[in-house]
Amino acid sequence: MNKFIFSLIIIFYLIPLTSCTSSVSKNEPPEPPLKDLHSFANFSEIDFKHLTLDLIVSFEDKSIGGSATWDYKIKNNTVNYLTLDTRDLLIEKVIDQDGNVLRFELENPVEYLGQALNIEIKETEGSVQVFYKTKSSSEALQWLSPEQTFGKQQPFLYTQSETIYARSWIPSPDGPGIRFTYEANIQVPQGMLALMSAPNPQKTNSNGLYEFKMEQPIPAYLLALAVGNISFKAIDERTGVYAEPTLLKDAWEEFKDIGSMVKVAETLYGPYQWERYDLLALPFGFPFGGMENPILTFLTPTIISGDKSLLNLVAHELAHSWSGNLVTNQSWEDFWLNEGFTVYFERRITEAIHGKDYADMLWSLAFQDLQSSIHNLPERDTWLKLSLKDRHPDVGLTDIAYEKGALFLRQIEETIGREEMDHFFNKYFADHAFKTMNTEQFITYFNENIISKNKEWEKSIQLHSWIFGPGIPNLHPQFKPNNFLMIDPIIEAVHQNNDFIDEINTSDWSTYEYLYFLKGIQPINSFSLMEKLDKAWDLTHHKNMEILCLWLVLSIEQEYKPAYSELDQFLSQVGRMKFLEPIYEALSKSSLGLLGTQKLYKQKANNYHPIAQMEIKHILKIK
Ligand code: BES
Ligand code: ZN
């Protein structure tokens, strides 16, 4: 056995014993150790206070290298090691605050979780500086070639740290319940701009060295970096848009109302606490719709539709500035506290801007999706409180956390009234700002602040069934937006006869009426109906990617060949998982078959983020 491990074992077993015997007086039970199923970090013993990054980004080696320094303080005197999460990192050496070399040990890799990095520490308070390099297999990093960018001239890099990917580019205590402040010096090639989840530069400088200082404590999953040929255009004094120069004008036009959206959000949940709110429109490969990196939301360019119809996604990421970033789920089993709250807030922001009927269209479409997700998921995965032992936290990324979570909050709202609801949330954010929250703590807080006021509410809220039970409880909100009621007879008529498609008056339809209609007329089973729809609305070349994606899936199911070249192009360009998943799934069930789809995927895989590659490989049963 390695000496270092051996000495750790001695330390684990002996020191607590000696310290127990020496602690004389009180019989207080020790604080239960805080646990995180997905992190090796010993955060119940060590306070990880501050991170300093000194990193060089090399596009030639496709590697980030340098050091991560953790200022720490031990919480009890028994511990003399510090454990960080790592995955696929080359650890070169570790030194302390005085430059002394520290012994370290990388444990054997554990599936999904990577390797614990144990560092021997000699002081109760000090710092450890870990010198390291990322490998090409780092799951957080997507290195784009110039051809994969809008400008086609320079490469681009971005990170995606949620859920447990921060450890693949920074050795870190990578659990959502562990917060720290950070600063960073990032060296990038000259001519490029570096941006982080921190106050950001607005201009490219001449030497490529950028400094960041994030003074609010955040968890590791909110660490983010983007590097490329990026420009900035202000919206107002607090908000602005970053994008590649060729995309910047369109991105700014689409997002220019975000300044007032922040104000709307503030009227709902209290002051915005992160000073600036900027948006970064990324190249097409970005695997998500958006990621709520503090101060700088990362966005897919697929929401730039030209008519601002997909801005609810920005409302969603903005809402995370409260639910998620300010009050953070303590573990990934409490993920609904991040996402369910955020969807509810997203809809409230959307309602405040566009009115109730518009927001109810979103609720209604989401409700349909939720029902089909519940149908397809194992029953235990339909509880709000997840069970993730020995599972990757990304399995929780389903409609349950998002839509069942949000629906539960709407059920609460419908029971207690909006005024009471808003008062509750304002207090919730004020009481728990920059802290973590788990499901059990939420229940206690909710009982103390709401149920104690009126016991009758309990019956209609059925809190326990929502959180610890399957599916949708019997009492739940219902949605019938007027705009959809008007479409129902048209859908009905299409099932009888579809000669009149080109006569349907769609002049006041938004994206959501189209989606409702196209979902409502299924199953289509008619090539001529596909042709009529395409002729009427040019769906094969639709600018709105939500509509286009739905159309491409229908085209695969119906073997509608006129859409195939667009489909091929889409798969070469767009890396957003929400679109790729249903498309690859439909392809594997089409006449192309699983093998044919696997072959096609392999040609396209290079365009996708490592996280998206993993997901699609899973769908296509590729090892
Ligand atoms: N935080 C999520 C993205 C995420 C979750 C990444 C878990 C990795 C693991 C983000 O806020 C999100 O929910 N994005 C959605 C937006 C949609 C629900 C409006 C997306 O990307 O589609
Ligand atoms: Zn979210």
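Numbers here are sequence positions counted from 1. Computed from a predicted model, the values in this text were never measured in an experiment. In listed order, ligands and their atoms are each counted from 1.
- Test Phe408, Trp383, Trp336 against Trp466 for ring pair (Phe, Tyr, Trp, His ring centres under 6.0 Å) and you get one pass: Phe408.
- Using a 4.5 Å heavy-atom threshold, the side chains of Ile412 and Met421 count as touching.
- Within Glu339, OE1 is the N, O or S atom that lies nearest to the Zn ion (ligand 2).
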| query | Can you list the steps and then say if Phe180 with Leu223 is a side chain to side chain contact (heavy atoms under 4.5 Å, CB included)? | reply | CA-CA 11 Å; Phe180 48 84; Leu223 289 166; 4.0 Å; yes
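- When the options Tyr445, Phe345, Tyr269 are evaluated for a ring pair (Phe, Tyr, Trp, His ring centres under 6.0 Å) with Phe425, the one that passes is Phe345.
- Between Phe284 and Phe150, the ring planes lie tilted relative to each other; the angle falls in the 30° to 60° range.
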Would you mind writing out a table of all protein N or O atoms found under 3.5 Å from any N or O atom of ligand 1, naming both atoms and giving the distance to 0.1 Å?
unit_1   : atom_1 : unit_2 : atom_2 : d
ligand 1 : 1 (N)  : Glu162 : OE1    : 2.7
ligand 1 : 1 (N)  : Glu292 : OE1    : 2.6
ligand 1 : 1 (N)  : Glu292 : OE2    : 3.1
ligand 1 : 1 (N)  : Glu339 : OE2    : 3.0
ligand 1 : 11 (O) : Glu292 : OE1    : 3.0
ligand 1 : 11 (O) : His316 : NE2    : 3.2
ligand 1 : 11 (O) : Glu317 : OE1    : 2.7
ligand 1 : 11 (O) : Glu317 : OE2    : 3.2
ligand 1 : 11 (O) : His320 : NE2    : 2.9
ligand 1 : 13 (O) : His316 : NE2    : 3.1
ligand 1 : 13 (O) : Glu339 : OE1    : 3.3
ligand 1 : 13 (O) : Tyr402 : OH     : 2.6
ligand 1 : 14 (N) : Gly290 : O      : 3.3
ligand 1 : 14 (N) : Glu317 : OE2    : 3.2
ligand 1 : 21 (O) : Gly289 : N      : 2.6
ligand 1 : 21 (O) : Gly290 : N      : 3.2

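- Taking a cutoff of 4.0 Å between a charged side-chain nitrogen and a carboxylate oxygen, Glu403 and Arg347 qualify as a salt bridge.
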